[in-house]
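One structure below.
Throughout, protein chains are lettered first and strands after them, A, B, ... in sequence-line order, and every chain is numbered starting at 1.
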There are 2 protein chains.
Amino acid sequence: MATDHLLGSGEFLSKRLAEKGLRFTSQRKHVYEVLISQRDHPTAEEVFMRTKQSKPEISMATVYNSLDALVKCKVVRQVNVDRGAAMYCSNMNAHAHFCCDDCGKVFDVNLKDSPRVPEVDVPSDFEVRSIDIALHGRCSDKCEECVQN
Amino acid sequence: MATDHLLGSGEFLSKRLAEKGLRFTSQRKHVYEVLISQRDHPTAEEVFMRTKQSKPEISMATVYNSLDALVKCKVVRQVNVDRGAAMYCSNMNAHAHFCCDDCGKVFDVNLKDSPRVPEVDVPSDFEVRSIDIALHGRCSDKCEECVQN
DNA sequence: TCGCTTATTTAGAATTATTCCAAGTATTGA
DNA sequence: TCAATACTTGGAATAATTCTAAATAAGCGA
């Protein structure tokens, strides 16, 4: 954990997958590299298209499988903001998502403190493993897609 | 607002819809009553089935339209926790959702304070209108569906 | 109250998103 | 190196949501 940053992305990923009993495969590595190389919020479909550039034989089913594996071993987050397709996010720092209801874009926003479980009234036998915070609203005045609204 | 609780659910809903330029229709009223009469987290499909009991002619397209109208005028919340269908929640008190990753059930959890925007670093020209907080983890030891996992 | 304008409803088709399947392939541990 | 089994593949199947065009009904003003 404290030394993860010393590993190359391959070793890092391999280790994280192994911790969950998942195998390190070429497909998962390519999907992971796609996600860390462009830190936006692509859908599975977009990940599929980007991954095909370096791994043309990959299938959609494998993209879903890989994304699930990466989420399970916590190197990627799944983001569900609306009724549409799920999005994936490789920024694992504590952060929330701002989702513009006018243009649909999703932005990472830093949390000033990390989210604290005690603010919430959870039954004592529930185990909280993660917290997702999504803000909704409208993004910048300068947003092209928002202006015409 | 402060006097909304003095209105019957019909008048209340009618007023809220009108504030957003939306019409008060029999279908929207039935969908709304379905949601407030059972405070769980049904999907559009489940809302459709329940609403048909009091309004058999209603169509799925109208259920989606009604749910969107109710969300727009803020008498109902849309809850997106996973890749599956969106869920709808008529509890409008400040609360978060706890989603059990083992059995899939969603629970309302009270917030000790209402969520505060200032905890988050949002660009100054962004307008935050609402905040959704979702906790993930595992629910009670006594949960039937969880035990076999 | 009547009529007009326009939002809403409807059924069903179309589209989009995700999951399933069975056969072949690759990874891991012994 | 070998066996066991997890993973990948393409395509079919399913699930979730949106679209469409014609019929209907709200709400406003006279």
Side-chain angles (χ1 to χ4, degrees), chain A residues 10-11 13-32 34 41-52 54-73 76 78-88 101 104 106, chain B residues 10-11 13-32 34 41-52 54-73 76 78-88 101 104 106:
Chain A
E11 274 181 278
L13 179 57
S14 174
K15 181 167 168 259
R16 287 300 203 91
L17 285 165
E19 282 166 10
K20 295 282 175 185
L22 296 164
R23 290 183 181 170
F24 178 64
T25 66
S26 158
Q27 288 81 351
R28 289 173 180 174
K29 177 164 162 288
H30 277 88
V31 167
Y32 182 57
V34 158
H41 301 89
T43 62
E45 186 68 37
E46 288 165 334
V47 171
F48 178 49
M49 294 188 305
R50 294 182 196 172
T51 307
K52 276 201 287 197
S54 63
K55 183 116 190 125
E57 337 82 76
I58 199 169
S59 74
M60 194 66 207
T62 299
V63 169
Y64 274 105
N65 174 307
S66 298
L67 290 169
D68 286 344
L70 298 178
V71 168
K72 206 167 284 176
C73 73
V76 157
Q78 180 178 312
V79 181
N80 301 99
V81 278
D82 248 319
R83 258 174 348 208
M87 299 164 153
Y88 297 86
D101 293 328
V106 173
Chain B
E11 276 181 275
L13 178 57
S14 174
K15 182 168 167 258
R16 288 299 204 90
L17 286 165
E19 282 166 9
K20 295 281 175 186
L22 297 164
R23 290 182 182 171
F24 178 65
T25 67
S26 158
Q27 289 81 351
R28 289 173 179 173
K29 177 164 162 289
H30 277 87
V31 167
Y32 182 57
V34 158
H41 301 87
T43 62
E45 187 68 37
E46 288 166 332
V47 171
F48 178 49
M49 294 189 304
R50 293 182 196 174
T51 307
K52 276 202 286 196
S54 63
K55 183 114 190 128
E57 337 80 79
I58 199 168
S59 73
M60 193 67 206
T62 300
V63 169
Y64 274 105
N65 174 309
S66 299
L67 290 169
D68 286 344
L70 298 177
V71 168
K72 206 168 284 176
C73 73
V76 157
Q78 181 179 310
V79 181
N80 301 100
V81 278
D82 248 319
R83 257 171 353 205
M87 299 164 153
Y88 297 86
D101 293 328
V106 173

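- Contacts of residues 60-67 of chain A with DNA chain C (heavy atom under 4.0 Å): A/A61, A/Y64.
- Going from atom CG of A/L67 over to atom CZ of A/R28 covers 10.5 Å, rounded to the nearest 0.5 Å.
- Here the side chains of A/H30 and A/I58 are not in contact, with every heavy-atom distance at 4.5 Å or above.
- Using a 4.0 Å heavy-atom distance criterion, A/E45 is classed as making no nucleic acid contact.
- At least one side-chain heavy atom of A/Q78 sits less than 4.5 Å from a side-chain heavy atom of A/Y88.
- Contact footprint of chain B on DNA chain C: nucleotides with an atom under 4.0 Å from a non-hydrogen protein atom, first to last in 5' to 3' order, C/dT6 to C/dT19.
- Using a 4.0 Å heavy-atom distance criterion, B/R83 is classed as a sugar-phosphate-only contact.
- Think of the region where chain A sits on DNA chain D: with heavy atoms and a 4.0 Å cut, that region ends 5' and 3' at D/dT5 to D/dT18.
- Taking the nucleotide of DNA chain D with the nearest heavy atom to each of B/A85 and B/Q27, the more 5' of the two is matched to B/A85.
- Nucleic acid contact class of A/T25 (heavy atoms, under 4.0 Å, all strands): sugar-phosphate only.
- Under the rule for a salt bridge (Lys or Arg N to Asp or Glu O under 4.0 Å), the partners of A/K55 that lie at least two apart in sequence or sit in another chain are A/E57.
- Two residues are said to be in side-chain contact when any heavy atoms from C-beta on lie closer than 4.5 Å; B/R23 and B/L17 fail this criterion.
- Using a distance-only test at 3.5 Å, with no hydrogens or angles considered, no donor-acceptor pair links the side chain of B/S14 to the main chain of B/G10.
- Looking at heavy-atom distances under 4.0 Å, A/A86 makes contact with sugar-phosphate atoms alone, never a base.
- The nearest heavy atom of DNA chain C to B/G84 and to B/K55 marks one nucleotide each, and the one closer to the 5' end goes with B/K55.
- Residues satisfying the side-chain hydrogen bond (donor to acceptor under 3.5 Å, both in side chains) criterion with B/T62, sequence neighbours excluded, are B/S59.
- Here salt bridge (Lys or Arg N to Asp or Glu O under 4.0 Å) pairs that include residues 63-73 of chain A, with residues two or more places apart or in two chains, are A/D68-B/R83.
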